[in-house]
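Taking it in order: structure first as structure tokens, then the write-up.
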Amino acid sequence: MLELSNVSVKYGAFAAIENIDIHVGKGELVVLLGSNGAGKSTTFNAISGLQKPSEGTIAFEGSPIHGVVPDKIVQAGIVQCAEDRKLFPQMTVKENLIMGGYVHRRKRKQVHQSLEEVFELFPILHDKKDDPAGSLSGGQQQMLAIGRAIMSKPKLVLLDEPSIGLAPLIVEQMFDVIQKINKDGTTVLLAEQNAYAALKIADRGYVYESGSIVVKGTADELLSNDTVRKAYIGA
Ligand SMILES: Nc1ncnc2c1ncn2[C@@H]1O[C@H](COP(=O)(O)OP(=O)(O)OP(=O)(O)O)[C@@H](O)[C@H]1O
Ligand SMILES: [Mg+2]
């Protein structure tokens, strides 16, 4: 479904990622692991069209998408949920969600149905639907950001560190919902520093170090890989 071949992205002269090869199959849940600054978000931005690769190709469902503008990439079915959430704090929870359904704005029935689905995944968002997004807790704002991303019914959703800054109990709920979104038919590419929790729900993963992929494999392979365990799981 998604194929990155030999992708490099530069900020000026600095190569943030170099010669990245990633494959995501339809229906998979794939995780990108790596510490701060390893290049996960840069990879996401290359996929969603916010950064242009200096080298390499990115294909989605067989068509090249590198160099395509971000809104065309959303229309093709890829939605990114960014690390900093980018909510509209003065707008209500419901209004934020409806913004996420913007690409389908002419299909009111579908927007309404998507809204119901998001409320089913995150009942707390239904309880707070008329509250300003800015009044929600960190965990609730993260749920809203994910809910808004799936309002457009993407084929592939890019989730950038959804567990960052959340309390352990909320992190667990978050991963449960991500797994459910995947089981309901959305392909998921997840960037995480929380390696153990991410690998427990993932099919496969790639481990980044300073802009390159150093290890890749199935979730079970990575969970039992010594390097991965030492660096990211602490056991
Ligand atoms: N806009 C930018 N201009 C210059 N350098 C940048 C920019 N964005 C990121 N970088 C650098 O590129 C490298 C990769 O950063 P990136 O944000 O992709 O890492 P990351 O794996 O997402 O890290 P984190 O876990 O902290 O989010 C880092 O060295 C970072 O400092
Ligand atoms: Mg990042």
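All values derive from a computational prediction rather than experimental measurement.
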Close side-chain approach of [X] and [Y], heavy atoms under 4.5 Å:
| X | Y | answer |
| --- | --- | --- |
| Lys200 | Gln179 | no |
| Leu223 | Tyr196 | yes |
| Glu192 | Pro162 | yes |
| Met99 | Met151 | no |
| Leu2 | Val30 | no |

Do you know which two heavy atoms are closest between [X] and [Y], and how far apart they sit?
| X | Y | value |
| --- | --- | --- |
| Gln140 | Ile124 | NE2-CG1, 3.7 Å |
| Gly49 | Pro70 | O-CG, 3.5 Å |
| Met174 | Ile146 | SD-CD1, 3.5 Å |
| Gly39 | Thr43 | O-OG1, 2.8 Å |
| Cys81 | Ala149 | CB-CB, 4.1 Å |
| Val9 | Ala46 | CG2-CB, 4.0 Å |

I'd like to know if [X] and [Y] make a salt bridge, using a cut-off of under 4.0 Å between side-chain N and carboxylate O.
| X | Y | answer |
| --- | --- | --- |
| Lys180 | Asp176 | no |
| Lys216 | Glu221 | no |
| Lys153 | Glu117 | yes |
| Glu18 | Lys10 | no |

Stepwise side-chain contact (heavy atoms from CB on, under 4.5 Å) check, Leu32 with Ile22:
CA-CA 10 Å; Leu32 306 184; Ile22 290 175; 3.8 Å; yes
For side-chain contact (heavy atoms from CB on, under 4.5 Å), just list the numbers for Ile181 and Leu29, CA-CA rounded to whole Å, side-chain angles, deciding distance to a tenth of an Å, and then say yes or no.
CA-CA 10 Å; Ile181 290 168; Leu29 197 166; over 6 Å; no
Applying a strict under-4.5 Å side-chain criterion to I, L, V, M, F, W and Y, I'd like to know whether [X] and [Y] cluster together.
| X | Y | value |
| --- | --- | --- |
| Val177 | Leu144 | yes |
| Phe122 | Val157 | yes |
| Ile178 | Ile170 | yes |
| Val79 | Leu156 | no |
| Val7 | Val215 | no |

Check: [Y] main-chain N/O paired with [X] side-chain donor or acceptor under 3.5 Å:
| X | Y | value |
| --- | --- | --- |
| Glu209 | Val214 | no |
| Ser54 | Ser8 | yes |
| Gln142 | Ser163 | no |
| Asn96 | Phe88 | yes |
| Thr92 | Asp130 | no |
| His66 | Ile58 | yes |
| Thr186 | Asn182 | no |
| Glu28 | Gly25 | yes |
| Asp160 | Ala191 | no |

Quiz question: by atom type and distance under 3.5 Å, do the side chains of [X] and [Y] form a donor-acceptor pair?
| X | Y | result |
| --- | --- | --- |
| Asp21 | Ser5 | no |
| Tyr208 | Ser35 | no |
| Gln193 | Asn36 | yes |

Could you check whether atom [atom1] of [X] has more than 12 heavy atoms from other residues, nucleotides or ligands sitting under 6.0 Å from it?
| X | atom1 | answer |
| --- | --- | --- |
| Glu120 | CD | no |
| Gln90 | CD | no |
| Glu95 | CD | yes |

Point-to-point distance, once rounded to the nearest 0.5 Å, from [atom1] of [X] to [atom2] of [Y]:
| X | Y | atom1 | atom2 | result |
| --- | --- | --- | --- | --- |
| Leu158 | Lys40 | CG | NZ | 14.0 Å |
| Asn19 | Leu4 | CG | CG | 12.0 Å |
| Ser41 | Gln51 | OG | CD | 11.0 Å |
| Leu190 | Leu159 | CG | CG | 6.0 Å |
| Glu55 | Ile17 | CD | CD1 | 10.5 Å |
| Leu189 | Met1 | CG | CE | 11.5 Å |

Check the pair Lys129, Phe119 against side-chain contact (heavy atoms from CB on, under 4.5 Å), reporting the backbone distance first and the verdict last.
CA-CA 9 Å; Lys129 64 181 188 316; Phe119 286 152; 3.9 Å; yes
Under the criterion side-chain contact (heavy atoms from CB on, under 4.5 Å), I'd like the reasoning laid out for Leu136 against Gln141: C-alpha separation, chi angles, the key distance, then a yes or no.
CA-CA 6 Å; Leu136 302 184; Gln141 291 196 21; 3.7 Å; yes
Going by ring-ring contact (aromatic ring centres under 6.0 Å, His included), name the pairs with one or both residues in residues 11-62, residues two or more places apart or in two chains.
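Qualifying pairs, neighbours excluded: none.
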